Amino acid sequence: MSNKTQGNRFEQELCEILAKNGFWAHNMAQNQAGQPADIIAVKENVAYLIDCKLCSSNYFPLSRVECNQETAMSLWQDCGNTFCFFAIKLPSGEIYMLPFEVFIHVKDMGMRILKEIHMSALPTLPQWLEVYG
């Protein structure tokens with residue numbers, strides 16, 4: 001199975017989980033030009049921009065965030081929106097929710113990868129749903 005197919009399955013999986021937790025969730029299917037995020041989810045009039053990252057090992061290289069994704073998330077916030085996240089799924093199946101602000105912070109600190117030990121400080125998807133869902 002190709003990386004793209006696996007990534008698309010993760011996007012669909014996350015949309016289904018969000019929908020089961022009361023979100024309106026839309027998977028922005030790949031188009032020829034690409035898009036800067038994978039999912040827009042809304043619940044109780046609050047919108048969330050989420051980009052899904054599927055990892056084949058227990059770390060996440062920050063270089064996997066493309067320039068257009070970083071720019072789009074910055075613009076999302078500049079337009080008065082608050083919540084944007086990277087949903088990072090590890091081979092174990094655990095999904096961590098990395099807030100965009102934390103991504104910027106660790107990148108500015110010079111970090112190049114987030115190891116699983118770093119991600120354990122982030123909310124897992126179930127923990128995230130307790131707060132936002």
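Quick caveat: nothing in here was measured; it's all calculated off a predicted structure.
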Pairwise side-chain contact, [X] with [Y], heavy-atom cut-off 4.5 Å (strictly under):
| X | Y | result |
| --- | --- | --- |
| Ile39 | Met28 | no |
| Ile50 | Asp38 | no |
| Glu101 | Met73 | no |
| Leu90 | Ser57 | no |
| Leu98 | Met119 | no |
| Thr5 | Arg9 | yes |

Sole residue of Ile17, Val42, Leu129 in side-chain contact (heavy atoms from CB on, under 4.5 Å) with Phe23:
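So, applying the side-chain contact (heavy atoms from CB on, under 4.5 Å) to Phe23 and each of Ile17, Val42, Leu129, only Leu129 qualifies.
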Quick one: which of Lys89, Glu11, Glu13 gives a side-chain contact (heavy atoms from CB on, under 4.5 Å) with Cys52?
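Going through the options one by one, the only one that passes is Glu11.
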Could you check Leu49 against Asn81 for side chain to side chain contact (heavy atoms under 4.5 Å, CB included), going step by step and ending with a plain yes or no?
CA-CA 9 Å; Leu49 187 65; Asn81 300 298; over 6 Å; no
How long is the span from the [atom1] atom in [X] to the [atom2] atom in [Y], to the nearest 0.5 Å?
| X | Y | atom1 | atom2 | answer |
| --- | --- | --- | --- | --- |
| Asn8 | Leu54 | CG | CG | 10.5 Å |
| Glu94 | Ser120 | CD | OG | 10.0 Å |
| Lys53 | Ile95 | NZ | CD1 | 15.0 Å |

Hydrophobic cluster identity match, [X] and [Y], side-chain contacts under 4.5 Å:
| X | Y | value |
| --- | --- | --- |
| Leu122 | Val131 | no |
| Ile40 | Leu14 | no |
| Val102 | Trp76 | yes |
| Ile117 | Ile113 | no |
| Met97 | Ile88 | no |

Taking [X] for its side chain and [Y] for its backbone only, find out whether a donor-acceptor pair lies under 3.5 Å.
| X | Y | answer |
| --- | --- | --- |
| Glu70 | Cys67 | no |
| Lys43 | Asn21 | yes |
| Arg112 | Lys107 | no |
| Gln77 | Ser74 | no |
| Asn58 | Glu116 | no |

Please name the pair of heavy atoms, one in [X] and one in [Y], separated by the smallest distance, quoted to 0.1 Å.
| X | Y | result |
| --- | --- | --- |
| Gln69 | Arg64 | OE1-O, 3.7 Å |
| Phe60 | Cys55 | CD1-SG, 3.9 Å |
| Asp51 | Ala37 | OD1-CA, 3.4 Å |

Taking the six-membered ring for Trp, is the centroid-to-centroid distance between Phe85 and Tyr96 below 6.0 Å?
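So the answer is no for these two rings.
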For Tyr48 together with Trp128, are the ring centres under 6.0 Å from each other?
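When the ring centroids of Trp128 and Tyr48 are compared, they turn out to be within the sub-6.0 Å range.
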Quick one: sort the Phe86 and Phe100 rings into parallel, tilted or perpendicular, breaks at 30° and 60°.
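Rings of Phe86 and Phe100: tilted, as their planes differ by 30° to 60°.
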Crowded around Tyr59 OH? As in, over 12 foreign heavy atoms under 6.0 Å?
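Check fails, neighbour count at 12 or below.
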